[in-house]
There are 2 protein chains.
Amino acid sequence: MSGIADVAQRAGVSKATASRALSGSGYVSEKTRARVLAAARELGYVPSTSAVSLATGRTNNIGVIMPYTNRWFFAEVLEGIQAALLERGLDLTLYIAEPGTEGRRRIFEDFLARKRFDGLIAVGLEPEDHEIEKLTAIGRPIVGVVSAGPHAGVVALDEAGAARRATEHLIALDHRAIAFVGGGAGTHYVSVDLARLAGYRQAMAEAGLEQSIRHVPSPDSLPGGYEAAVDILADSRSRPTAIIASCDEVAAGAIIASRRLGIHVPAALSVVGIDDHEYAEMFSLTTMRQVPRDQGARAVEMITAQIADPDREPEKVTLQARMVMRSSTSAVDPARAASAADAARGR
Amino acid sequence: MSGIADVAQRAGVSKATASRALSGSGYVSEKTRARVLAAARELGYVPSTSAVSLATGRTNNIGVIMPYTNRWFFAEVLEGIQAALLERGLDLTLYIAEPGTEGRRRIFEDFLARKRFDGLIAVGLEPEDHEIEKLTAIGRPIVGVVSAGPHAGVVALDEAGAARRATEHLIALDHRAIAFVGGGAGTHYVSVDLARLAGYRQAMAEAGLEQSIRHVPSPDSLPGGYEAAVDILADSRSRPTAIIASCDEVAAGAIIASRRLGIHVPAALSVVGIDDHEYAEMFSLTTMRQVPRDQGARAVEMITAQIADPDREPEKVTLQARMVMRSSTSAVDPARAASAADAARGR
DNA sequence: TTGAAAGCGTTACCAC
DNA sequence: GTGGTAACGCTTTCAA
C-alpha cells in the first residue's frame, strides 16, 4: 500500500519530483527520474486512482452504455472497445440499459450523473428525448455507435446501402419475388431495421418491383427467422424465390427452416443476410459484412480524441458493408421465377 | 458542479453536518436533514466519486473479469451481475481477459492492481497459477462463478451431475450407443467440459456401457457441433442412437446436421443438451437447465456480503441443473439400438 | 531542476 | 446534534 510519499522518500526526493518523474510531465533530470522509477518498482507502487482523479479531474475511465450484451453485434462492439481501451491503459465501466426497464431509468437518473468516466460510448442506444437531455447534461464527450447523437461523434454503418446492394444482388440473379424477413417484432433495435428495410424497398422500387415488395416482420434472432420462414415457405404457391434477412441470425433461421421443409438453398431459395455473423460461414451464407469490433475500436479513437481536445468537431463516420459471396444465392430458375412472381403479385 | 460545501451553505449548516445528513450516518436532527436534502436536490448535487473513494477507501464499484463476453453463458452472467449491482447502486467495471492474449497479461499486470473496485467477480476465468497470485495480491474479496478460487467464494454448477443425469435419461430410454460431442477442441473453457465429460463417462460406466463410451471433441459452438455431427452421422453403421452435447449450441448444431442428412430427431436420433440456451426451445431440445443470470445475481450477493464483512467465511455454492423435457429424445427403436450398439462396439 | 505548500471534494474524529 | 479540522493520496502552481 505504499504511496508516492514512500517512493519519494526512498528515492531521496520530494513528492513533487516523484510525481513529475512518474507521470512524465515537467522537468526531471534523467538521473533522478531513474532513481524514482527504480524506487517505485521496488515498492510495487501503484497510484491511487481516486487520488489521481480528484487531483486531475481525469478518471482514466470510459463509460460504455448499451441496451444488451447478449446479442452478437453488441458483444462484438464491446470487445472491440475493451481491446482498444486496454492498449491505452483506460478502464471501462459498463452500463447495460435495457429499454423499458427500471434499471435503464436508474442508469440515466443516477449512474451517469456520477460521471465516473471521461467520456461515454453509446452503442445502439436509441435514446428517448428525455434521455438525450440527461446525456448532454453530463457534460462529457459522447460517441455513438450506430445511433447518432446531436453533438456527439458517430460511427455508423450505411444500413440502407447494405440492404439495397444485397437486394440488387438478388435482382441481378433474376429474382423478382424477394421477401424481406425480420425487423419489426419485439425488437428495440428499431432504427437499424427500418433503414435496412428502406434499402430493400428502394432497390425493389428502382427495379420496378414495387408490387413484389413483401415484408415479413420477425424478431431479429435465429428462432425468429425460423418461425417467419416456416410461415412464408409453407405455401409453395406464394413462396418467394429469394429472401433478404434483416440480419444473419434471421437468415440462418430461414435456412434451417428451409432445410427442414426440404427446400434446397440456393437451388429453390436464395437467402442473403447482413452482418457476417459467426454463423454465416457454417450456413454458407452470402451476406453484407460489417465488423462491429472495428467499429468499437474506432469509437475509442474518437472518444479519446474528443477528451484530449473537447473543442474539436466531433467526427461522423459512415462505414460501407462489403458483400461476402458464399453459396446461399444463385440465379433463379426461369420457370419458377415467373410463376412465383405472379403468385406474389396476385396476393 | 456544486459540491457539498454549496449544499451546506444553502442549508445553513457545516460541511460535516451536510455530509452526515446526505450519507445517513451519524446524528442529524430531522429538521436539518430535511433542509440539507432539499438543498442538495435544488442544487442537483451529486457527490464526487473520487473524493468519496479517497476519503472512505470505498469505490462503490465492482470489478468483473471474464474471458469472453460473446458467448451465451458469459453474456447472461454479466447481465445478471449488472442487474443486481444496479439495485444496489454499484458500478461495474469490466475486464475481458481472453486467454493467451497480451491484453490478458496487461489486465493481470496493471489493471487489476489499480484496485478500482471493492470486490472482484471472476467468471469462468480458469486462472493460471501466476494469475492466481496476482488475484490474491489485490487484497480484495473475490467471488468466482464456475471456477473455484482457494480463498474466494464460488457459485458453481454441478457440471458432472448434470451430464450424468442427462446420460442416465438417455440410458433409461434404452439407448446404448451414446456419443458425447463437444468439449475439447480449441476451447479454453476447459474444466467445465471436462466435468461434463466425466459425468457422461460415469453414467455410462455405471450402466455397464464402458465399451460404448465415445467422445467426439469439437468447439463448443453451433458450427462446431454441426461439423462434428456430420462426421459422426455420415456412417450409418457406426452412427450412435443418441448424442449428449457438451452444451446446447453444440446440440443445436447436431440437430441441424441431422436434419440436413435426413436423420429424424428424435425418431432416429435422440439429442440432449446442457444449458437451456435461448435456442433450446426452437430446436425442441431436451436439456439440463442452468440459469446463468441467477448465478450472476448470486455472485453479487456474495461479494457484497464479503465486502461488508471481510472476515466472514466465503460461501461455496453448488447449484443443480434441472432437466427440461422437450422432444429431442425418445426411446430407441429396439432393432436399431442393437445393431448400432454392435457397430459401436466393433469400432 | 527541485521542493514547499495549496488544493481536489469528501469523510470522520473530536470537541463543543 | 453540530461544527472545526485533519486526513485521504495525488498534482500543480510558485519560488527558490
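Because the structure is predicted, anything quoted here is derived from the model rather than measured. Lettering of chains follows the sequences in order, A, B, ..., and the numbering in each one begins at 1.
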From CG of Leu54(A) over to P of dT12(D), roughly how many Å is that when rounded to an integer?
12 Å

Taking the six-membered ring of Phe111(B) as reference, does the cationic atom of Arg114(B) (NZ for Lys, CZ for Arg) lie under 6.0 Å from its centre and within 45° of its axis?
yes

Rounded to whole Å, OH of Tyr27(A) lies from C1' of dA16(D) at a distance of 17 Å

Spacing between Arg114(A) atom CZ and dT10(C) atom P, to the nearest angstrom:
14 Å

I need the CD1-P distance between Ile4(B) and dG3(D), as an integer number of Å.
13 Å

Spacing of Lys15(B) atom NZ and Leu22(B) atom CG [to the nearest 0.5 Å]:
13.0 Å

Round to a whole Å and report the spacing from CG of Leu22(B) to C1' of dG9(C).
13 Å

Filtered N/O pairs between nucleotides 12-16 of chain C and protein, under 3.5 Å:
none

Would you jot down, in residue-number order, the residues of residues 28-49 of chain A having a non-hydrogen atom under 4.0 Å from DNA chain C?
Val28(A), Ser29(A), Thr32(A)

Does any part of the side chain of Val52(A), heavy atoms only, come nearer than 4.5 Å to the side chain of Arg58(A), both counted from C-beta?
no

Do Val192(B) and Val146(B) pass the side-chain contact (heavy atoms from CB on, under 4.5 Å) test, and can you show the C-alpha distance, the side-chain angles, and the key distance before you say yes or no?
CA-CA 8 Å; Val192(B) 168; Val146(B) 177; 3.5 Å; yes

Any side-chain heavy atom of Ile96(A) within less than 4.5 Å of one from Leu92(B)?
no

Any donor-acceptor N/O pair, Thr59(B) side chain to Asp118(B) backbone, under 3.5 Å
yes

Spacing of CE belonging to Met302(A) relative to CD belonging to Glu315(A), to within rounding of 0.5 Å:
5.0 Å

Should Val123(A) and Ile81(A) count as side-chain neighbours, where that means a heavy-atom distance under 4.5 Å?
yes

Through what angle, rounded to 10 degrees, does the axis of the helix from dT1(C)-dA16(D) to dC16(C)-dG1(D) turn between its ends, using five pairs per end?
40°

Any side-chain heavy atom of Leu135(B) within less than 4.5 Å of one from Ile142(B)?
yes

Evaluate the side-chain contact (heavy atoms from CB on, under 4.5 Å) criterion for residues Leu37(A) and Arg41(A): first the C-alpha distance (whole Å), next the side-chain angles of each, then the deciding distance (0.1 Å), finally the verdict.
CA-CA 6 Å; Leu37(A) 260 39; Arg41(A) 193 169 318 110; 4.2 Å; yes

Would Tyr95(B) and Arg116(B) count as a side-chain contact (heavy atoms from CB on, under 4.5 Å) here? Give the steps.
CA-CA 11 Å; Tyr95(B) 305 94; Arg116(B) 238 193 217 293; 4.2 Å; yes

